[in-house]
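Since this is a predicted model, take the numbers as computed values, not measurements. In listed order, ligands and their atoms are each counted from 1. When reading the values below, keep in mind they use all heavy atoms of this one structure, side chains included, and skip hydrogens, waters and symmetry mates.
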Amino acid sequence: MERYRDIIPDFDAFLETLERQQPVTIRVNRLKAMPEQVAERLKHRGFDVKPLEWNEWILQVEGEGSVAKTLEHWLGWFYIQEASAATAVIALDPKPNETILDMCASPGGKTTQMSELMGNTGLIVANDTTPKRLRALLANLSRIGVVNTIVTQWDGRNYPDLGLTFDKVLVDAPCSAEGRARENPDLKQGADINFVRSISGTQKGLLRRALELVKPGGIVVYSTCTFAPEENEAVVAYAMQKVPSELLPVDLPVPHSHGLTEWQGREFGEDMKRCVRIYPHHLDSGGMFIAKLRRLA
Ligand SMILES: C[S@@+](CC[C@H](N)C(=O)[O-])C[C@H]1O[C@@H](n2cnc3c(N)ncnc32)[C@H](O)[C@@H]1O
């Protein structure tokens, strides 16, 4: 992670956080339960439960054993999700009755979150390429009680025109996942730069296609769980050159840093500050990059 020393604020706190175990957080499924109800049941099972200050629907859970093995989990009362990961959908702000494409959806953490916020109305097209991960997506949709979603299997870079008008598209892209280093010690030194360069090509294709598919004036949120500017600001800059679009401010009620305007001599422009970088020490969670774009007519 040394190459990020100059861009990550309070770098020592960042490194120290990577060494600490990440708290488990769950997102209460508002289609089936209320936060108090879930908290009460989990406390009864011996877990310590407290809502996050910035979002009462996300609970931090501590205790012996796995919260995944509780009846409440199998009933779909909650989804185990990193607090940082929940921010991308908050930025997208899905509304009831919208039509939304989730281009890289499996295993469904963000698809289910969108469906909950849409009250199971409108339409989500949840897409992914990987068969095993698609099975996990289908299982999660069923467990959470999602009925406004269809599932497709396409390479998002060549996603076909289905004749649907997408109000919004979420591209939660495959990435080098440096923001998950607390759970994957292999990543604590930073990702392999060759992988970073190669996945950056895929990400550019995905975001470009998302901007082509969304309706003029529609919103695309691009997110990754990595710190590499090659996978974040550089991807956004590329796609904006291909499809006329503008960056919108990402309004989040959590501590964060801003997108980079420059990296290794490459200028991205002042507007890139509108993107959000969440580091593990911001939320005592994982890392996240979020860009919010509007396609111009
Ligand atoms: C970061 S994960 C998505 C996590 C998911 N959004 C969630 O919140 O649970 C990225 C996903 O992109 C999928 N993927 C990889 N390449 C893809 C492509 N070319 N088109 C569509 N999906 C792709 C992977 O299979 C993986 O499931």
Residues passing the side chain to side chain donor-acceptor pair (under 3.5 Å) test with R295, sequence neighbours excluded, are none

At under 4.0 Å between heavy atoms, what of A85 touches ligand 1? The answer is neither

- Query: Would K168 and D93 pass as an ion pair if we require N to O under 4.0 Å?
  - Reply: no

Any cation-pi pair here, R30 with W57, using under 6.0 Å and within 45°? yes

Residue, atom and distance of the protein heavy atom nearest atom 6 (N) of ligand 1 read D172 OD2, 2.7 Å

Do N127 and T152 get their side chains close enough for a donor-acceptor pair, meaning under 3.5 Å? yes

Verify same cluster id: W54, I290 (apolar side-chain graph, 4.5 Å): yes

Heavy-atom proximity to atom 15 (C) of ligand 1 ranks first, among C225, G205, P174, C175, for P174

closest protein heavy atom to atom 20 (N) of ligand 1 is G156 N, 2.8 Å

Atom 24 (C) of ligand 1: closest protein heavy atom, distance to 0.1 Å, is D128 OD1, 3.4 Å

Would you please determine whether L206 falls within less than 4.0 Å of ligand 1 on a heavy-atom basis? yes

**OP:** Answer yes or no: does an N/O atom from K110 fall short of 3.5 Å to an N/O atom of ligand 1?
**Re:** yes

Legend entry - side-chain hydrogen bond (donor to acceptor under 3.5 Å, both in side chains) between S176 and E231, worked out: CA-CA 8 Å; S176 60; E231 299 181 57; 2.5 Å; yes

Review point. Mind checking whether V147 and I150 sit in one hydrophobic cluster, side chains of I, L, V, M, F, W, Y counted as touching below 4.5 Å?
Key: no

Checklist entry - Between A173 and ligand 1, is there a nitrogen or oxygen pair with a distance under 3.5 Å? => result no

d(E36 CD, K43 NZ) to nearest 0.5 Å is 9.5 Å

The atoms of ligand 1 lying under 4.0 Å from a heavy atom of G109, numbered in the order shown, are 7 (C), 8 (O), 9 (O)

Near M103 (heavy-atom distance under 4.0 Å), the atoms of ligand 1 are 21 (C), 22 (N)

Please say whether N127 places an N or O atom under 3.5 Å from an N or O atom belonging to ligand 1. no

Please indicate whether any nitrogen or oxygen in S106 is less than 3.5 Å from any nitrogen or oxygen in ligand 1. yes

Out of T129, D155, T112, D102, the nearest non-hydrogen contact to atom 23 (C) of ligand 1 is supplied by T129

Note to self: Check this for me, if you would: do E262 and R266 make a salt bridge, where the nitrogen-to-carboxylate-oxygen distance has to be below 4.0 angstrom?
What the structure shows: no

Nearest non-hydrogen protein atom to atom 12 (O) of ligand 1, with distance, is C104 CB, 3.3 Å

min-distance protein heavy atom vs atom 2 (S) of ligand 1 -> R133 NH2, 3.7 Å

How about Y279 and Y4: are their ring centres within less than 6.0 Å of each other? no

